[in-house]
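Before we start, here is the structure in question, set down as structure tokens.
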Amino acid sequence: MSKVLVIGAGGVGSVAVHKMAMSAEIFSHITLASRTKSKCDDIAASVKQRTGVTIDTAALDADDVAATTALIKAVQPKLVVNLALPYQDLAIMDACLAAGVNYLDTANYEPRDEAKFEYSWQWAYQDRFKDAGLMALLGSGFDPGVTSVFTGYTKKHLLDSIDTLDILDCNGGDHGHPFATNFNPEINIREVTAPSRHWADGQWVEGPPLAHKQAFDFEQVGQKNMYLMYHEELESLAKFYPEIKRIRFWMTFGDAYLKHLEVLGNVGMTRIDPVMFEGREIIPLQFLKALLPEPSSLGPRTRGKTNIGTIATGTKDGQQKTFYIRNICDHEEAYAETGSQAISYTTGVPAMIGAALMLTGQWAGTGVFNMEQLDPDPFMDLLNKHGLPWKVEELPAPLDF
Ligand code: NDP
């Protein structure tokens, strides 16, 4: 019997809980806790209607370590799945240590006042989890997450050594709004407006945000402009695969999205430092979040597909080879199955899979782990079984950009 406590009732939490309920043989009992309990109850009702499974719900402020510890002790799960926001990561890790329970998340810890996208704070928990005999799995979403597992699979089965790695993240979906973000706007806009950074010959190369554009023809989506960006899995991939000489991350954006973002940035609406307004401090980006459509409201109106994958060039038996591994996910199919669009789906399904592998002991260990440190094979199998099928293609030549 494997009880799980999921924290965070957003788009990702909703998909993960639906998918867990569909695998009741692994997830025998699910509790969903979040800041706003009514959101947990709405998800519980949808889970009941779609799967027949009853889940428990609870109100929780996960910034409060004592309250989270008390809830974990009351629920007695084998695993806490953190699908709240990156700001809560350390508090929930502290609560897991206090209650003696394993931990999983999908995004690295972020301080509220500065966009960092780095693992240092969570890697610093290594000894504490090890000494407690507990496991923390970091970044079990799509990117980071599946892209890290694709890289592990490439190294295990396709190439003897990897020289260059490109992660290509394309969202070909259209939600019909002039401007909206398809996951938490605060996190999304922080990520997109950060300076670009990629790994080359043992060091980070920085550039201005969204300055380096490249067209690419994505299967089932078509030609899109993608932009060189920093993304957190670059840090762990550079650490765990020191052989890779160049690692880059690319994400597609439409012209309208970028124009809105530019204007919002120019007028100061994407700032994350406090500003005085009518006698009180506000954070402009948090105010903007309140004006934008809720990502969860995009589900019923989003059409099109995501196409996310890795292209790795290296050597196999002394010959240079290039392999492209990718998943294509349809927004409408994701919505029909779970009530959420593909961005939440492609994150919530890997969160469920990481949790399943920890609960069944297929992924086990003590300490803090990134996805690429673990055996890719069982994860790749479950992707095919749970709605995120992938395929491998050998490309005739390395990328020429
Ligand atoms: P949402 O904003 O939709 O949901 C976040 C949820 O967390 C909300 O229900 C929110 O509550 C809850 N929450 C926020 N603060 C607290 C708190 N202090 N205590 C308890 N609950 C809290 O985000 P998403 O579902 O889109 O994203 C969830 C996570 O997944 C994020 O960390 C995001 O960065 C990550 N992510 C990872 C991806 C990957 O590929 N690795 C891709 C996309 C997202 P309330 O409803 O009250 O606001």
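What you see below is based on every heavy atom in this structure, not just the backbone, and it leaves out hydrogens, waters and symmetry mates.
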Next item on the list: Give a yes or no on whether a salt bridge exists between Glu394 and Lys316, defined as a side-chain N under 4.0 angstrom from a carboxylate O.
Entry: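 Salt bridge: no.
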
Item checked: salt bridge (charged side-chain N to carboxylate O under 4.0 Å, His left out) involving Glu235 - partner list, sequence neighbours excluded -> none

Notebook entry, point to check: Hey, are Glu186 and Tyr87 close enough side-chain-wise for a donor-acceptor pair under 3.5 Å?
Noted result: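 Checked: Tyr87/Glu186 side chains pair up, N/O donor to acceptor below 3.5 Å.
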
Item checked: Residues Lys116 and Glu110 bridged, charged N to O under 4.0 Å -> no

Margin query: Other residues, nucleotides and ligands only: do more than 12 of their heavy atoms fall within 6.0 Å of NZ on Lys259?
Written below: no

Check: Asp174: what forms a salt bridge (charged side-chain N to carboxylate O under 4.0 Å, His left out) with it, not counting sequence neighbours?
Finding: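 Per chain and number, Asp174 pairs via salt bridge (charged side-chain N to carboxylate O under 4.0 Å, His left out) with no residue.
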
Note to self: Using the salt bridge (charged side-chain N to carboxylate O under 4.0 Å, His left out) criterion, which residues pair with Asp41? Sequence neighbours excluded.
What the structure shows: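 With sequence neighbours excluded, Asp41 shows a salt bridge (charged side-chain N to carboxylate O under 4.0 Å, His left out) to Lys37, given in chain and number order.
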
Note to self: Check this for me: does any side-chain nitrogen of one of Arg246 and Asp166 sit under 4.0 Å from a carboxylate oxygen of the other?
What the structure shows: yes

Notebook entry, point to check: Does the ring centre of Trp204 sit less than 6.0 Å away from the ring centre of Tyr230?
Noted result: yes

Notebook entry, point to check: Taking only residues two or more places apart in sequence, or in another chain, which ones meet Tyr119 in a ring-ring contact (aromatic ring centres under 6.0 Å, His included)?
Noted result: Trp123

Check: Should Lys19 and Glu337 be marked as a salt bridge (charged side-chain N to carboxylate O under 4.0 Å, His left out) after you check the CA-CA gap, both sets of side-chain angles, and the distance that decides it?
Finding: CA-CA 9 Å; Lys19 295 297 265 190; Glu337 187 189 340; 2.4 Å; yes

Check: side-chain contact (heavy atoms from CB on, under 4.5 Å) with Lys305: which residues, sequence neighbours excluded?
Finding: Gln220, Val221, Ile328, Asp330

Next item on the list: Please say whether more than 12 non-hydrogen atoms of neighbouring residues, nucleotides or ligands are located less than 6.0 Å from CZ in Phe401.
Entry: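 Atom CZ in Phe401 is packed in, count exceeds 12.
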
Note to self: Using ring centroids (six-membered ring only for Trp), state whether Tyr241 and Trp199 fall under 6.0 Å.
What the structure shows: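 Aromatic pair excluded; centres sit 6.0 Å or further apart.
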
Checklist line | Counterpart residues, ring-ring contact (aromatic ring centres under 6.0 Å, His included), relative to Phe216 (two or more places apart) | finding: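 So Phe216 forms a ring-ring contact (aromatic ring centres under 6.0 Å, His included) with Phe218.
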
Checklist line | Distance in Å, Thr31 OG1 paired with Leu60 CG, rounded so as to fall on 0.5 Å steps | finding: 11.5 Å

Margin query: Assess whether a salt bridge exists between Glu243 and Lys155, defined as any Lys/Arg side-chain N lying under 4.0 Å from an Asp/Glu carboxylate O.
Written below: yes

